[in-house]
Amino acid sequence: MGEAMASRYDPQAAEPKWREAWADAELFKAKSPADAGDAPKAYVLEMFPYPSGRLHMGHVRNYAMGDVVARHKKAKGYNVLHPMGWDAFGMPAENAAMERGVHPGDWTYQNIAAMKAQFAKLGLSLDWSREFATCDPDYYGEQQRLFLKFMEKGLVYQKKAKVNWDPVDNTVLANEQVVDGKGWRSGAPVEQRELVQWFFRITDYAEDLLEEVQKLERWPEKVRTMQANWIGRSEGLQMRFPIVGQVPEGQDSEIEIFTTRPDTLFGASFIALSPDHPLTIKMAADNEDLEAFRAECAKVGTSEADIEKAPKLGFDTGMKVVHPFRPEETLPVYIANFVLMGYGTGAIFACPAHDQRDFDFARKYDLPILPVVKPADKDAASEHWVSSGDGDDMSAAYTGPGTIMNSEFLDGKAIDQAKSVAITKIEEMGLGEGTVNYRLRDWGVSRQRYWGCPIPVIHCDDCGIVPVPEADLPVELPKDVSFDKPGNPLVHHPTWKNCTCPKCGKPAQRETDTLDTFNDSSWYFTRFASVDDPEERAYWLPVDQYVGGVEHAVLHLLYARFFTRAMRDVGEVDLPSGEPFAGLFTQGMVTHETYKSADGGWLQPSEIEADGDGWIERESGKPVTVGAIEKMSKSKKNTVDPDNIIVTFGADTARWFVLSDSPPERDVEWTQSGAEGAARFVQRVWSVFNTLSEATDPGASSDSDAAIALRRVSHKAVQAIDTAIEEFRFNSAIATVHEWTSALKKAEQGGDDVLSARFEGASMLARCLTPFMPHLAEECWSLIGGEGLCSAAAWPVVEDSLLVEDSVTLPIQVNGKRRAEISVAKTASKDDIEATALNEPAVKAFIDGKDIKKVIVVPGRIVNIVV
RNA sequence: GCGGGCGUGGUGAAAUUGGUAGACACAGCGGACUUAAAAUCCGUAGGCCCUAAUCGGCCGUGCCGGUUCAAGUCCGGCCGCCCGCACCA
């Protein structure tokens, strides 16, 4: 029996074939600025992956989105840079080394190879010629050179700082690695330890980072707000309160505080120091009670719930300070657990009447509460104090707007005005100055870890800290390390850290800390732009469209913004604004239902099968509970392996589905039936082209109504898809493709007069499908004899005349309710439309015998008759 | 507590400047083709009421109110959910 003519599209055969064709044509290689001609540039980038070894559906969605943008830009004539690489340093490699005895480097490069093979199957338009991994010595050597340049510029310093210390693993943990006060790996309670750490002066750029982030119009509002809150600017007064009486030798005679409410200075009732304030520590040295109090404060957990419940704790030092405006008055100095050492100066003045925390504290320790702000409206006043007598009647602190009272020279002023008057006065008295305080703190970059970029400095007993000379870079990680001892293998290595001082030649020691891996991802996009050509770097930067998860809204995206500024200021990159990413899109996650077996364990989707309305375990037949729809994760076993999907349906189906159902910024739920639906659609599209492949394009277009109608559908669809892609509304673009395909399918019933319009539509459809389903588009393109490769073809040109209709259908409302529809010429005048509408039988039924009060005619939109 | 976002059918969602609410898809239902199945194609679908059926009517975008000829969209006030930050002075 002869083989029947193929009536189905076979992705398994077609997809590899077309990828090979693209590779042969070097289609996705970015052109150098010199070769680009007049084409504008478009740098499209997705956040590069950590090489865990397996691609997951979240990757597929992320890279599919970037690919839509990159391929669309290419079709629109841009010179596109769309590179890929590996964020390759990090803890999982060391954990693998500890658990399985593999070298972190071997483990990482094996994972890269495995993932690259998976990447290849997705049909992404990537320029692999610029690939690198951040653990390549070439890359981190360059990072070390940048570090030294930053150091020269004064952007790097060392200081003692508190860190999270895991006493079992003997290492510092990042804040994210501390879960409920315990180490995420060891489960041991984390201790606070003081260690000498390296810091970047990101706070030098706080103002600029804050100001500029507001101007990034192509960033999501949410991310801009999160960064602004993280930087946390507040204007206020930094001032000193003189301590009354004799102070012990070597101790400051003043206490410096920061406040945003200098207008309430007359309401001050005490001073509070942080338990970690240097003065507190000094006093505690010879005061057992105070030391015990400090220990008590340290016990309170750091989790949100703990802080919520934590009562206000205080310790009276017996010390007093002088009130600046009322020298005869003194204020007691307390140690209070709610005062943080990490913000401002670690000390505050308290005005209980107008700050809830101060209020709670004052109530507990029976301190005066003196109202100095009179609320603007009576309701607010009565809520906060029962009668206008003395402050004891207050029920809560009043923090709203109002007028200053009980405050001598500030009386009667509005809060803002009072603030500036108070600041000026304190400045005149020489007790302080108006300042701006940021929540943002300098970036601690030291990690006591092996698998990271070594910090390129040498410690010499005589010369102190000496930078490694540029000629000696990169400072490479030693290959022969062991992980059998806890702690940093670089410290345990027998010889690596021994060296000679570049300055004096005496024996010296290398820094054994490595850089936080966020450094690696803070400048990789500049390296993609060019390894060593500053002009090419300047040509590509900034990234025009960056795509990634919102989980990086603060850390990565803030560090990168700092890095490009620092690089600019040391002359490493020509980027005046300092902004690395002109456009940012944060995509949603891929979620999936979760399943639990009768004994409570999680089950994989593949372990269950349908049974009537419910689900049962495939093996045992036991009932399965369907749980919440959650982010795909190994622990909940609700992952779907992209490789399996590609084998079953093809890459195009996977790409299509993750983009089709939800708006890109929202989560999308992976469902088997949804994927099957996408696969069905692939066949449907293919059949449109397969049917045409048996016909010949007559070339000249008929002007029959049916042909023109079909052409209108096609041209409007191209237009709609174009804008939808530009606005990141991929789900809308996909809906349009569905409608368009149905119209082409229907046209198969038409006669020869629509044949040309069908060919035109198909040719346009193939090109519009390319960003989403590039393999299928290519196959379809070849079925209708398209010229060259579809992935290289230009975006279809729309004929404007086909976008506007000759006649329009208008709904007719009577009193705002739709009663009829009329069809009128596009050019019809308002009067004509009104006359036609009033003559419509369905309308007459509602207006007969009534007074027409008004007729609103919005041409092209609607008619509303008011009776 | 502060900041941001969201609330529309059984489900995911459309509706771009106020102008026919529910496009498109998933699941469902009905039908065609088939010996049968798969595959494919076509149709149907917010709720309630009236009717034998058609026709028709009313209600409907979290709740209450407002502006307007017209509100998912704008304004005021509530309720609920999600995300981020959080004793930040």
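Residue numbers start from 1 in every chain, and the chains themselves are labelled A, B, ... in the order their sequence lines are given, proteins ahead of strands.
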Considering only atom P, compute the distance from B:C64 to B:G28 and round it to an integer number of Å. 35 Å

Enter syn or anti for the glycosidic conformation of B:G9, syn applying to angles within 90° of 0. syn

Below 3.5 Å, does any donor atom in the side chain of A:Arg8 face an acceptor in the base of B:U40, or the other way round? no

Between CD of A:Glu665 and P of B:A13 the distance, given in whole Å, is 10 Å

Describe the nucleic acid contact of A:Val339 in one word from base, sugar-phosphate, nothing, applying a heavy-atom distance below 4.0 Å. base

Given B:C69, is OP1 or OP2 found less than 4.0 Å from the side-chain N or O atoms of A:Lys854? yes

With side chains defined as the heavy atoms from C-beta onward, is the minimum distance between A:Thr671 and A:Phe657 less than 4.5 Å? yes

Complement of B:C55, any strand, by Watson-Crick or G-U distances under 3.5 angstrom: none

Sugar-phosphate only, base, or nothing, as touched by A:Gln683 at under 4.0 Å among non-hydrogen atoms: nothing

Euclidean distance for C1', B:U11 against B:G3 (whole angstrom): 32 Å

Provide, to the nearest angstrom, the distance between the CD atom belonging to A:Gln749 and the P atom belonging to B:C41. 12 Å

Centroid-centroid distance, A:Phe270 to A:Phe361, less than 6.0 Å: yes

For a quick check of understanding: with a heavy-atom distance under 4.0 Å over all strands, which category does A:Val858 fall into, base, sugar-phosphate or nothing? base

Heavy atoms from C-beta onward define the side chain here; which of B:C69, B:U20, B:C85 lies closest to that of A:Pro811? B:U20

Quick check for you: among B:A15, B:C24, B:C69, whose closest atom lies nearest to any side-chain atom of A:Asn864? B:C69

Sugar-phosphate, base or nothing in reach of A:Arg680, heavy atoms under 4.0 Å: sugar-phosphate

Using only atom types and a distance under 3.5 Å, with no angle test, would you say the side chain of A:Arg224 pairs donor to acceptor with the backbone of A:Gln214? yes

Counterpart base for B:U73, defined by Watson-Crick or G-U wobble contacts under 3.5 Å: none

Quiz item: A:Lys312 side-chain donor-acceptor pair to B:C87 base, under 3.5 Å: yes

Between NE2 of A:His738 and C1' of B:A13 the distance, given in whole Å, is 12 Å

Using Watson-Crick or G-U wobble geometry with both distances below 3.5 Å, tell me the partner of B:C24, or none. B:G12

Using every non-hydrogen atom in the two residues, find where A:Pro605 and A:Tyr595 come nearest and quote the distance to one decimal. CA-CE1, 4.0 Å

Check whether any side-chain nitrogen or oxygen of A:Arg666 sits under 4.0 Å from OP1 or OP2 of B:G7, and answer yes or no. no

Distance in Å, A:Ile608 CD1 paired with A:Glu593 CD, rounded so as to fall on 0.5 Å steps: 7.5 Å

Counting any heavy atom closer than 4.0 Å, what does A:Ser673 reach on the DNA or RNA strands: base, sugar-phosphate only, or nothing? sugar-phosphate

Counting any heavy atom closer than 4.0 Å, what does A:Arg819 reach on the DNA or RNA strands: base, sugar-phosphate only, or nothing? sugar-phosphate

Is the gap between the ring centers of A:Phe728 and A:Phe730 under 6.0 Å? yes

Under a 3.5 Å limit for both distances, which nucleotide forms a Watson-Crick or G-U wobble pair with B:A45, could you say? none

Do A:Glu669 and B:U11 share a donor-acceptor pair, side chain to base, under 3.5 Å? no

Return the value, rounded to whole Å, for the distance between atom CE of A:Met589 and atom P of B:G12. 15 Å

What integer distance in Å separates A:Asn229:CG from B:C2:P? 13 Å

Nearest-nucleotide 5' precedence on RNA chain B, A:Gly816 against A:Thr225: A:Thr225

Between B:C79 and B:C88, how many Å separate the two C1' atoms, rounded to a whole number? 31 Å

For A:Ser234, which of A:Thr435, A:Val436, A:Asn437, A:Thr259 qualifies under side chain to side chain contact (heavy atoms under 4.5 Å, CB included)? A:Asn437

Assign each of A:Glu676 and A:Gln813 the nucleotide of RNA chain B bearing its closest heavy atom; nearer the 5' end lies the nucleotide of A:Gln813

Can you tell me, in whole Å, how much space there is between the C1' of B:G80 and that of B:C63? 10 Å

Classify the nucleic acid contact of A:Asn731 as base, sugar-phosphate or nothing, counting any heavy atom under 4.0 Å across all strands shown. sugar-phosphate

If the P atom of B:U61 is compared with that of B:C42, how far apart are they to the nearest Å? 33 Å

A:Arg441 side-chain N/O to A:Ile202 backbone N/O, donor-acceptor pair under 3.5 Å: no

Nucleotide nearest A:Glu727 when distance is taken to its side chain, options B:G4, B:A89, B:U16: B:U16

What integer number of Å spans the C1' atoms of B:G12 and B:C74? 28 Å

Give a yes/no on whether any side-chain N or O of A:Arg684 is located under 4.0 angstrom from OP1 or OP2 of B:C42. yes

Remember a base hit wins even if backbone is also touched, and classify A:Gly344 as base, sugar-phosphate or nothing at under 4.0 Å, heavy atoms. nothing

Partner of B:G7 by Watson-Crick or G-U wobble geometry, both contacts under 3.5 Å, or none? B:C79

Within the structure, does a side-chain N or O atom of A:Lys817 lie under 4.0 Å from either OP1 or OP2 of B:G60? no

Whole-Å distance, A:Arg818 CZ to B:A15 C1', equals 16 Å

Once you round it to whole Å, what is the distance between P of B:A13 and CZ of A:Phe657? 12 Å

B:G56 to B:A13 separation - C1' atoms, rounded to the nearest Å: 31 Å

Do A:Glu296 and A:Pro275 have side chains that approach each other closer than 4.5 Å (heavy atoms only, starting at C-beta)? no

If I take atom CD1 in residue A:Ile822 and atom P in nucleotide B:U20, what distance separates them, rounded to the nearest angstrom? 15 Å

Base paired to B:C2 (Watson-Crick or G-U; both N/O distances under 3.5 angstrom): B:G84

Could you measure between the two P atoms, the one in B:U8 and the one in B:A53, and give it in whole Å? 34 Å

Can you tell me the pairing partner of B:A36 across any strand shown, Watson-Crick or G-U wobble, with both distances under 3.5 angstrom? none

Please work out if A:Glu739 contacts a base, only the sugar-phosphate, or nothing of the nucleic acid, heavy-atom cut-off 4.0 Å. sugar-phosphate

